[in-house]
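A short write-up of the structure that comes next.
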Amino acid sequence: IDGFFLNFTNDMRSSLSPMAGKLLSDLEEENSEINLSNISNPLFADTYKALGRMKLLKILQGELIISYAHFTDLKKKVLKGLSIGDEFPFSTVKESLQLSRRILIPLLEELDSEGYFQREGDSRIVLKID
C-alpha cells in the first residue's frame, strides 16, 4: 500500500532523503566551502539549493555553499576584538583570517546584509555584535 510520511516536527533533518542527509553531513564534517558552479551533477546542485531554502546550510552570493556551523565560526572570527563603531579595512580582515577573496568577500557581504557592518569604500563600520 502506498503511503506518505509527513514530518510535523521543526526538525527538518529528520525528513531529508538519504542523499540530502549525506551531502549535508559531508559539508558539515569537512567544514569547508563548495562552489555551486563546480558541481557537475545537477541533482546534487539542486539538492544543495533546496537545503539552503530549508535553512540547513548557507548559500553566499548564490554560489558559495557553507554549513551554518562554519558560517558561525567565520562570523565569530571576523567579529572577534571588534566593538560597535569600529572601522576596519578589508585588508586587515583578510590578513587576520588568512581567507581567500573568493570566501571572504561573500562572507562580508552576507554580514553586511545581516546588519553587522556598513560598507564605506574599502572599509566597514561595525553596527552590531552578537
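In this structure, D86 has no salt bridge (Lys or Arg N to Asp or Glu O under 4.0 Å) partners at least two apart in sequence or on a different chain. S32 is linked by a side-chain contact (heavy atoms from CB on, under 4.5 Å) to E30, counting only residues two or more places apart in sequence or in another chain. Scored by the salt bridge (Lys or Arg N to Asp or Glu O under 4.0 Å) test, K22 finds D26 as partners (sequence neighbours excluded). Listed by chain and residue number, nothing satisfies the side-chain contact (heavy atoms from CB on, under 4.5 Å) test with Q98 (two or more places apart in sequence, or in another chain). Applying the ring pair (Phe, Tyr, Trp, His ring centres under 6.0 Å) test to F44 and every residue at least two apart in sequence or in another chain returns nothing. Legend: residues meeting salt bridge (Lys or Arg N to Asp or Glu O under 4.0 Å) with K49, ordered by chain and number and at least two apart, are absent. Every residue two or more places apart in sequence or in another chain that forms a side-chain contact (heavy atoms from CB on, under 4.5 Å) with K128 is listed here: Y116. Residues passing the side-chain contact (heavy atoms from CB on, under 4.5 Å) test with S17 are M19, A20, sequence neighbours excluded. Residues that satisfy the side chain to side chain donor-acceptor pair (under 3.5 Å) test with E28, not counting sequence neighbours, are R13.
Grouping the Ile, Leu, Val, Met, Phe, Trp and Tyr side chains by contacts below 4.5 angstrom, directly or via other members, places L16 with I39.
Contact check for F88 versus V126: side-chain heavy atoms found under the 4.5 Å cut-off. No side-chain heavy atom of I84 sits under 4.5 Å from any side-chain heavy atom of I125.
In this structure, CG in N35 is found 12.0 Å from OH in Y48, a value given to the nearest 0.5 Å. For the atom pair CD1 (I103) and CG (L108), the distance works out to 11.5 Å, reported to the nearest 0.5 Å.
Residue pairs meeting the salt bridge (charged side-chain N to carboxylate O under 4.0 Å, His left out) criterion with at least one partner in residues 73-84, sequence neighbours excluded, are D73-K77, K75-D130. A salt bridge (charged side-chain N to carboxylate O under 4.0 Å, His left out) check over residues 34-45, counting only residues at least two apart or in different chains, returns nothing.
When all heavy atoms of F117 and D112 are compared, the pair lying nearest together is CB-OD1, 3.2 Å. Residues I129 and L79 come closest through the heavy atom pair CD1-O, 4.4 Å. Heavy-atom minimum distance, K94 versus L104: CA-CD2, 3.4 Å. Between P89 and S123, the shortest heavy-atom distance links the atoms CA-OG, 3.8 Å.
Environment of CG in N38: crowded, with over 12 heavy atoms of neighbouring residues, nucleotides or ligands closer than 6.0 Å.
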Using a 3.5 Å cut-off and no angle test, enumerate the donor-acceptor pairs between side-chain atoms of residues 53-71 and protein atoms at least two apart in sequence or in another chain.
| from | atom 1 | to | atom 2 | distance (Å) |
| --- | --- | --- | --- | --- |
| K58 | NZ | E110 | OE2 | 2.9 |
| K58 | NZ | E114 | OE2 | 2.9 |
| Q61 | NE2 | E109 | OE1 | 2.1 |
| E63 | OE1 | S37 | N | 3.2 |
| S67 | OG | H70 | N | 3.1 |
| H70 | ND1 | N31 | OD1 | 3.1 |
| H70 | NE2 | E33 | OE2 | 2.6 |

